[in-house]
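Worksheet: one structure, shown below.
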Amino acid sequence: MVQAGKLEGGKGGPRYLLSTPSVPRVIFKRDNSTLYCNSAVQFPETKDVHAFGNVVIQEANGANITADTLFYSSVNNMAEMRGRVVLID
């Protein structure tokens, strides 16, 4: 996690990351990808992330993927995106 306006939970359980008026986007970075969203749930034990609202993944190669919701699994480094999914390559 790079940025969030508000963090709730944690201490072994899920972490709830929220945007706020002063920090309008939650941001994650992994390797050459940056994930932006309105809110997210991060699971520290598995490093999985569920992202919600205006989800955008920007790849270093210039590709952009947008969706309403993302479910990321760190075990296989794959994301499932749902709702108005658009890929611009």
Side-chain angles (χ1 to χ4, degrees):
M1 192 261 304
V2 174
Q3 170 183 293
K6 185 175 182 182
L7 171 65
E8 297 177 354
K11 296 187 173 104
R15 296 177 1 161
Y16 300 90
L17 303 123
L18 307 168
S19 57
T20 61
S22 61
V23 181
R25 303 291 275 160
V26 176
I27 303 173
F28 291 89
K29 192 158 184 63
R30 179 177 170 128
D31 301 326
N32 294 322
S33 300
T34 305
L35 166 67
Y36 302 88
C37 61
N38 292 344
S39 63
V41 181
Q42 185 178 37
F43 300 89
E45 66 279 358
T46 61
K47 298 183 182 167
D48 292 353
V49 173
H50 297 176
F52 307 95
N54 299 312
V55 177
V56 177
I57 297 177
Q58 291 181 336
E59 298 285 339
N61 67 4
N64 287 316
I65 308 166
T66 62
D68 294 327
T69 306
L70 170 141
F71 301 103
Y72 171 75
S73 170
S74 66
V75 171
N76 56 15
N77 195 28
M78 300 228 359
E80 177 183 335
M81 301 180 83
R82 296 183 182 175
R84 298 183 295 168
V85 178
V86 176
L87 168 64
I88 300 171
D89 189 15

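For the pair Gly13 and Pro44, the tightest heavy-atom approach, listed with the atom from each and the gap, is O-CD, 3.4 Å. The minimum heavy-atom distance linking Val23 with Ala4 is given by the pair CG1-C, 3.8 Å. For Asp48 against Ser73, the heavy-atom pair with the smallest separation is OD1-CA, 3.4 Å. Of all heavy-atom pairs between Leu18 and Val26, the closest is C-CG2, 3.7 Å.
Residues Ile57 and Tyr36 do not share a hydrophobic cluster, defined by chaining ILVMFWY side chains whose heavy atoms lie under 4.5 Å apart. Connection of Phe71 to Phe28 is not established within any shared hydrophobic cluster, with ILVMFWY side chains joined at heavy-atom distances below 4.5 Å, either directly or through further cluster members. Phe43 is connected to Phe52 through a chain of hydrophobic side-chain contacts under 4.5 Å among Ile, Leu, Val, Met, Phe, Trp and Tyr, so both are in one cluster.
For the atom pair CD of Glu80 and OH of Tyr72, the computed distance is 14.0 Å after rounding to the nearest 0.5 Å.
Within a 6.0 Å sphere centred on CZ of Arg30, other residues, nucleotides and ligands contribute more than 12 heavy atoms.
For Asn32, the side-chain contact (heavy atoms from CB on, under 4.5 Å) partners two or more places apart in sequence, or in a different chain, are Ala60.
Among residues at least two apart or in separate chains, side-chain hydrogen bond (donor to acceptor under 3.5 Å, both in side chains) pairs with a member in residues 8-17 are Lys6-Glu8, Arg15-Gln42.
Side-chain contact between Asn38 and Arg25 is present, with at least one heavy-atom pair separated by less than 4.5 Å. Val55 has its side chain within reach of Leu35: a pair of non-hydrogen atoms, C-beta onward, lies under 4.5 Å apart.
If you chain together ILVMFWY residues whose side-chain heavy atoms come under 4.5 Å of each other, Val86 ends up grouped with Ile88.
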